[in-house]
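Within every chain, numbering begins at 1; the chains are lettered A, B, ... in the order of the sequence lines, protein sequences first and strands thereafter. Just so we're clear, the structure is a prediction, and the values are computed from it rather than from any experiment.
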There are 2 protein chains.
Amino acid sequence: MSLRHAVLGLLANRPASGYDLMRAFDSSLANVWPATQSQVYGELGKLATAGLVEVSTEGARGRKEYVITEEGRHELHRWLTETEPERKMRSDAMLRVFFLNSLTRLEAVAYLESEAHHAAGRHAAMREVEARVDWDEGPLSVNGRIALEYGLRLTAMQEEWARWAAEQYAKQRPE
Amino acid sequence: MSLRHAVLGLLANRPASGYDLMRAFDSSLANVWPATQSQVYGELGKLATAGLVEVSTEGARGRKEYVITEEGRHELHRWLTETEPERKMRSDAMLRVFFLNSLTRLEAVAYLESEAHHAAGRHAAMREVEARVDWDEGPLSVNGRIALEYGLRLTAMQEEWARWAAEQYAKQRPE
DNA sequence: GCCTGACATTCCAGTATTGACATGTCAAGG
DNA sequence: CCTTGACATGTCAATACTGGAATGTCAGGC
């Protein structure tokens, strides 16, 4: 149930509306825990019912600002310290690698090169973010910086791997 | 709909029963596309209805062996060459990094070191697999070898990153 | 002959996720 | 005044995924 804790974690930093949270899910959290509007608003409702968050202000345009409760903070802490992260991951891109033998050598190499290219693109985009953001402000950006570094290392690794794999594939399976 | 294509991809290599497929999902595909029994048997039914696979033999103990049809092979090829892999990923472990500022420095460092340790463990497990498997047999293992290399590079990167992050965290946020 | 473990499938209830639709408010610029 | 775009929430049906229970078969060892 990570969505629940993602919302809780965001609200632990500052009070926010569902709309505010959506901006976080569409930017910083987009590569880590994607979520849709329906999920976020739904989860806020459940969280409120459970007493982990509360509506603090009802503003213009029906805006409801939520704050985390003591109980919510406690649950966030419990999650972070007493539960293990789920390490199983799904990767569509890697799944395809298993079935590359259903393609011709040329097609397979094209796939791997395309992956290399996409990884390079994502790497460049993260470099942009790195340059744009002021990393000295706020305690949030310490974590953000560390998470970004992960992204940089991941995409660099992916590009290298894909180039290596394309080479291997071309070598080991002459048509 | 990657599960569908995972099943299709496995059946493209050789005919198999739901039980056989489950062994693949529990071993080689476990780190790439986890699936439960209910999902696999369910998908086989849907795939058969759609005409992408067929029951070839009904054996002992109610065993049904499925084979991929021409149409199935075509769909697999279409998926591999004409659709882009979904690159959005969820990572519980990385989500937690965003909220590390809700913990004390010590707790945060402990989390990151635990991640380093787990990554190291998974890396070692993959090294074991690498040593155990005969990489010269079959065309499947070319892909398997390439996917394993990804896992090795990923876990190595994760361990290094987590050690680096633990250090950064300890440095940048003195209690 | 009996037990155990691997083989094998089916069904189900509950939860999570997706993607789209519906509805409305407010501020700013032309 | 009117339009546009950002703000803001809510609901729905469909699909995907989880975890467990129920059921039964067959081979091999004792």
### Task
Would you work out how much the helix from C:dG1-D:dC30 to C:dG30-D:dC1 bends between its ends, with each end axis defined by five base pairs, to 10 degrees?
10°
### Query
Under 4.0 angstrom, heavy atoms only, what part of the nucleic acid is B:Arg4 near: base, sugar-phosphate, or nothing?
nothing
### Query
Under 4.0 Å between a Lys/Arg side-chain N and an Asp/Glu carboxylate O for B:Arg23 and B:Asp20?
yes
### Message
What residues from residues 35-69 of chain B pass a heavy-atom cutoff of under 4.0 Å to DNA chain C?
### Response
B:Gln37, B:Ser38, B:Tyr41, B:Arg61, B:Gly62, B:Arg63, B:Lys64
### Query
For the residue pair A:His5 and A:Trp79, does the interplanar ring angle fall in the parallel (under 30°), tilted (30 to 60°) or perpendicular (over 60°) class?
parallel
### Nearest-Å distance for atom pair CG/P, residues A:Leu21 and D:dC7
14 Å
### Message
How long is the straight-line distance from CG of B:Leu76 back to CG of B:Leu52, given to the nearest 0.5 Å?
### Response
10.0 Å
### Query
Toward the 5' end of DNA chain C, which comes first, B:Asp20 or B:Arg90, by nearest nucleotide?
B:Asp20
Below 3.5 Å, can you tabulate the donor-acceptor pairs from side chains in residues 114-123 of chain A to any protein atom, sequence neighbours excluded?
| unit_1 | atom_1 | unit_2 | atom_2 | d |
| --- | --- | --- | --- | --- |
| A:Glu115 | OE2 | B:Arg87 | NH2 | 2.6 |
| A:His118 | NE2 | B:Glu84 | OE1 | 3.2 |
| A:Arg122 | NH2 | A:Gln158 | OE1 | 3.0 |
| A:His123 | ND1 | A:Leu152 | O | 3.1 |
| A:His123 | ND1 | A:Thr155 | OG1 | 2.9 |

### Spacing between A:Lys88 atom NZ and C:dA16 atom C1', to the nearest angstrom
15 Å
### Residue pair A:Leu154 / B:Tyr150: nearest heavy atoms and the distance that separates them
CD1-OH, 4.1 Å
### Task
Would you kindly give the CG-to-P distance between A:Leu3 and C:dT18, to the nearest whole Å?
10 Å
### Query
Does B:Leu112 reach the side chain of B:Val109, with side-chain heavy atoms less than 4.5 Å apart?
no
### Message
From CZ of A:Arg23 over to C1' of D:dG5, roughly how many Å is that when rounded to an integer?
### Response
14 Å
#### Entry: Heavy-atom side-chain proximity of A:Tyr169 to B:Val142 below 4.5 angstrom
yes
### Query
A:Phe25 has an atom CZ; how far is it from atom C1' of D:dT9, in whole Å?
16 Å
### Message
What contact category does A:Met1 fall into here, base, sugar-phosphate, or nothing, at under 4.0 angstrom with non-hydrogen atoms?
### Response
sugar-phosphate
### Considering all heavy atoms, the nearest A:Leu95-B:Ser2 contact
CD2-O, 3.7 Å
## Note on the structure
A:Tyr19 OH to D:dG10 C1', in whole Å, measures 15 Å
## Note on the structure
Result for 5'-nearest mapping on DNA chain C, choosing between A:Trp33 and B:Ser17, is B:Ser17
### Task
Quickly work out the B:His5 NE2 to D:dA16 C1' distance and round it to whole Å.
15 Å
### Query
So, do A:Phe98 and B:Leu10 sit near enough that their side-chain heavy atoms are less than 4.5 Å apart?
no
